[in-house]
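Structure, as C-alpha cells:
Below, chain A is the first sequence line, B the second, and so on; all start at residue 1. Only a predicted model underlies this, so the values are computations on that prediction, with no experimental measurement involved.
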Protein chains: 4
Amino acid sequence: MGDTMDGTRQRRRGNTRQRIQDIALELFAEQGYEKTSLREIAERLDVTKAALYYHFKTKEEILVSIFDDLAKPIEDLIEWGKDQPHTLETKQEIVRRYSEALVAAAPLYRFMQENQATVRELRIGETFKHRMLGIRDILIDPTADLVDQVRCVSAMFTMHAGMFVLQDLEGDPEAKRQAVLEVATDLVTQAHRGTGGSAARS
Amino acid sequence: MGDTMDGTRQRRRGNTRQRIQDIALELFAEQGYEKTSLREIAERLDVTKAALYYHFKTKEEILVSIFDDLAKPIEDLIEWGKDQPHTLETKQEIVRRYSEALVAAAPLYRFMQENQATVRELRIGETFKHRMLGIRDILIDPTADLVDQVRCVSAMFTMHAGMFVLQDLEGDPEAKRQAVLEVATDLVTQAHRGTGGSAARS
Amino acid sequence: MGDTMDGTRQRRRGNTRQRIQDIALELFAEQGYEKTSLREIAERLDVTKAALYYHFKTKEEILVSIFDDLAKPIEDLIEWGKDQPHTLETKQEIVRRYSEALVAAAPLYRFMQENQATVRELRIGETFKHRMLGIRDILIDPTADLVDQVRCVSAMFTMHAGMFVLQDLEGDPEAKRQAVLEVATDLVTQAHRGTGGSAARS
Amino acid sequence: MGDTMDGTRQRRRGNTRQRIQDIALELFAEQGYEKTSLREIAERLDVTKAALYYHFKTKEEILVSIFDDLAKPIEDLIEWGKDQPHTLETKQEIVRRYSEALVAAAPLYRFMQENQATVRELRIGETFKHRMLGIRDILIDPTADLVDQVRCVSAMFTMHAGMFVLQDLEGDPEAKRQAVLEVATDLVTQAHRGTGGSAARS
DNA sequence: TATGAATGAGCATTCATTCAT
DNA sequence: CATGAATGAATGCTCATTCAT
C-alpha cells in the first residue's frame, strides 16, 4: 500500500499482453488479418515473435482475445435486450446503446466489417454472426414483413459501416454518430410500425 | 442446324481465360483473396499454375480483369447518371437500375464487400471507391444535411450488403431484391426531401 | 532476275535467325546469360518464344551459334599461328592480329569475360579454354620460366579485358586499342626474351 | 588445459551464419551466383532454406556480407594508400600488399571476376568498381599516357586473374603468386617511369 | 518472461521447353 | 515460318509455429 508498485509497474512490465492486443488490432484493422504477420507485430513491439507465443497460443487467439474483450459490452447489451419486452421503446433504446457501444469497439468493428471473408472461417465468425442475429431478433420479429426485416438489417449495417465510411468526411465524429444513430432509429421505427410491404407503396 | 459445328468442343479449348475468371471469382468470394492460392485455382481447372500465368500476368490481374468485366455496366450507369438532372426521379431510377445491375455482379460485390481490407491496397480499391463516390454525388448533394447524407450511404450499403446478408433467409431472391430496393428507394427519397435533422421530425 | 527479291527480301523475311543472334548477344552481354530470358529476347524481336525454337533447339544453342560465327576468325588465326615458326615476329604478329580480331568479336568477348562462371559449364566453355591455351602455346613455351608465362597470360587478359574496362574512359576506341596492343606486345616481347625472374632470381 | 571445454562442440551450434557464408562462397565461386540456389546451400548445410532467412534477409545479402567481411583488408589498404605520397616505392608497396591481401580473399575475387555480369547489377558492383578505381588512382595519374594507364589496369587484372587462371598449372601457389607479383610490379614500374608511347621505345 | 534458432508448408512467380495447328 | 497454349521444375521468399535455454 502506498508503495511504488501501484500501476505504473503494472503498466511497464506485465502489460505486454495488452500491448500486443493494441498493436495487433491496429494492424489488423489497417491491413487486414492475413496481411498482418506476427513478425510485423513483434517488430512494432520490439519483442521477438516467440514472445507473442508466450502470451498467446496462436495468431487466431490474439484476435479472439481482442474480440472477447472489446465485444463484451455488446454481448451484455444483447443479453439485456433479450429480457426486455419488444416494444418500440426497447428497440430504440437498443439502437441507441448499440451505437454508443460501437464507439469503444470501433476499430474492432471496422476490422470485422472489412475482413468478413477471413473472419467467417475463424472461430469468432460464428460468434459474431450469432450476436448479429441476436440483435436482429430483438429489433424485429423473424416473421415480419420482408421489407421491414431489411430495414432492421439496414439499420445495423448503417451503424457498423457508418463510422468509417464517413471517416473521410469533415465534421466531428460525435455529430456523425448522431446522424447515423438517427437514420438507424428511423429505420427501426418504420420497421416496427410495419409500413413495409406494398400497401405503403400503392 | 443454325449452330455451326457444335461449339462445345471448340469452346473446351480456347476459353481457359474465362474459366479462370469464373473459378477465381468463385473462390475469391468464398474464401477471400489472400486465402485463395493460385494452386487451388489451377487444380480446380485441372491445369498447372503456369497456365494461369499464360493468361494473366499476376494474381492481382486476374482480379482486375474480373472487376473490369463485371463492373462495366455499373460504370456505365454512373456515367449516365452524371448527365441527368438530379431530380428525385433520376435518383430513384439510379437506385432501381443499380439494384438490377448488382444482380449480375453479385459475387463480385460480395467479394468487394467482404475483402475491403485486401481490396483497399489493390489497384481496384481506388477505382471502386471513386465509383461509390460517383453514385453518392448523384444521390445527394455533398453539402446536404449530414443525416441525409447518411441516408444515401445507407441506401447504397443496403443494396450492397442486402443480398448476401439475406442470403441465408428463406424466400425467393427476386423478392428479397425488391424488398432491398424498396428500403433503398425510401432512404433516397427521404434524403431528397431533406427531412434530415431532428427538427423536421418533431 | 532484276526483280524485287534481291536481298531486301532476304533481309526482311528470312533473317530472323540473324536477328535473334544479334539481340541475344546484346542482351547476354548486357545482363548475363542466366538473367536473359528467352521471353525477353522474343519480346524485343516481336515474335513468340516458340519462334525462337524454330530457329534454335535450345537457349544454349543460340549462344553456341553466336560463338561459332564470331569466334571463327580467331580460330583461323590460331590455326595459322600453329604452323608458323615460334619466332618473336610471329608472336608479335599473332598479338597484333588477335587484337584486330577482337574488335569485331568485342561483345562476344565481353560476354565470355563477364560470364565465365556460366560459360564454364556450357559447351563453349571447353572450346574457349582450348583456344586460349592454343594461343598461349604459340606465345610461349609451356616449360618457360613461370614469370614469362604469366606475362603471356597477362598479355591475353589485357587484350580481352582492356576494351571494356577502358570503355568508360574518354578517348577514341582505336587509340585505346593501340595502347592495349602496345602493352600486350611489350609483355610478349619481354617473355620471349626470357627476362623472366629479375636479378633476384638469377 | 588452456583450451576450455573443447570448443568444437560449442561451435557446432551458433556458427551457422559463418557456415552459410563459407558454403555460399564456395558454391558461388564454383557455379556462379545465379546457378547457386538457396536450396542447394541449405542442403549442403543440412538445414532448411528458412534457416538461411533467419540469418540473412535475402540471397543478395549473403553475398554482401561475404564481400564486406573478406574485402575489408583491401579497403583498408586503399585507405592507407591514398594517404601516401605517390612515389614509385608506394606503388610497388601497394602492389605487393594487394597481392598478399588477395590470397585470403581469393575465392571471393575469383567469384567477382567470373560473375561480373551478375555482380554489376548487385549492390556490391558499384562498391567494387569504386575500389578498383581507388587503386588505379594510386597507381597512376589519370592524366598519364594512355599506354601507361593500360599498364596499371593490366597489372591489377594480372593479379586478379593470375591466380585462378594459373590454377591448373603445376607448381606451388606461393611461387605462382610471386611470379604474378613480379609481372605486376614490372608493369607498374614501367608505367611510373612513363615509358609509354611508341616514341619511348624506338 | 522472454529469446535465438530453426522448421515445414506454402506462395507467387519465372523459365526453358514442347507440340498441335 | 510461326503461334497459342500449356507444362514441369525450379526459385526466392514468407509465415505461423516450436522448443531448448
**Item:** Base-pairing mate for dT21(F) - Watson-Crick or G-U, with both contacts under 3.5 Å
**Value:** dA2(E)
**Complete:** When both distances are under 3.5 Å in a Watson-Crick or G-U wobble arrangement, the nucleotide paired with dT7(E) is dA16(F)
Does [X] make a side-chain N or O approach to OP1 or OP2 of [N] shorter than 4.0 Å?
X	N	result
His55(D)	dG4(E)	no
Thr16(A)	dT1(E)	no
Ser37(B)	dC11(E)	yes
Arg39(B)	dC11(E)	yes

Write down the distance between [atom1] ([X]) and [atom2] ([N]), rounded to a whole number of angstrom.
X	N	atom1	atom2	result
Lys35(B)	dA16(F)	NZ	P	12 Å
Tyr53(A)	dT17(F)	OH	C1'	5 Å
Phe56(A)	dT18(F)	CZ	P	16 Å
Asp46(B)	dT7(F)	CG	P	8 Å
Leu38(D)	dT7(E)	CG	P	14 Å
Gln31(A)	dT14(F)	CD	P	15 Å
Arg17(B)	dA6(F)	CZ	C1'	16 Å
Leu45(A)	dA2(E)	CG	C1'	13 Å

**Fill in**
Note: for Tyr54(C) and Thr58(A) on DNA chain F, the residue whose nearest nucleotide lies more 5' is Tyr54(C)
**Prompt:** Which sits closer to the 5' end of DNA chain F, Thr36(D) or Leu52(C), going by the nucleotide each is nearest to?
**Reply:**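 Result: Leu52(C).
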**Message:** Looking at the base of dT7(F), is there any donor atom on it, or on the side chain of Lys49(B), that sits under 3.5 Å from an acceptor on the other one?
**Reply:**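 No, no donor-acceptor pair under 3.5 Å.
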**Asked** Mapping Val47(A) and Glu34(B) to their closest nucleotides on DNA chain E, which lands nearer the 5' end?
**Response**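 Looking at DNA chain E, the more 5' nearest nucleotide goes with Val47(A).
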For the pair [X] (side chain) and [Y] (backbone), establish whether a donor and an acceptor sit closer than 3.5 Å, ignoring hydrogens and angles.
X	Y	answer
Thr118(B)	Tyr33(B)	no
Gln31(D)	Phe28(D)	no
Arg120(A)	Glu114(B)	no

**Prompt:** Which pairs count as salt bridge (charged side-chain N to carboxylate O under 4.0 Å, His left out) when at least one residue sits in residues 56-70 of chain C, sequence neighbours excluded?
**Reply:** none
Distance-only check: which donor-acceptor pairs under 3.5 Å involve side-chain atoms of residues 44-55 of chain C, not counting sequence neighbours?
from     : atom 1 : to       : atom 2 : distance (Å)
Arg44(C) : NH2    : Glu26(C) : OE2    : 2.6

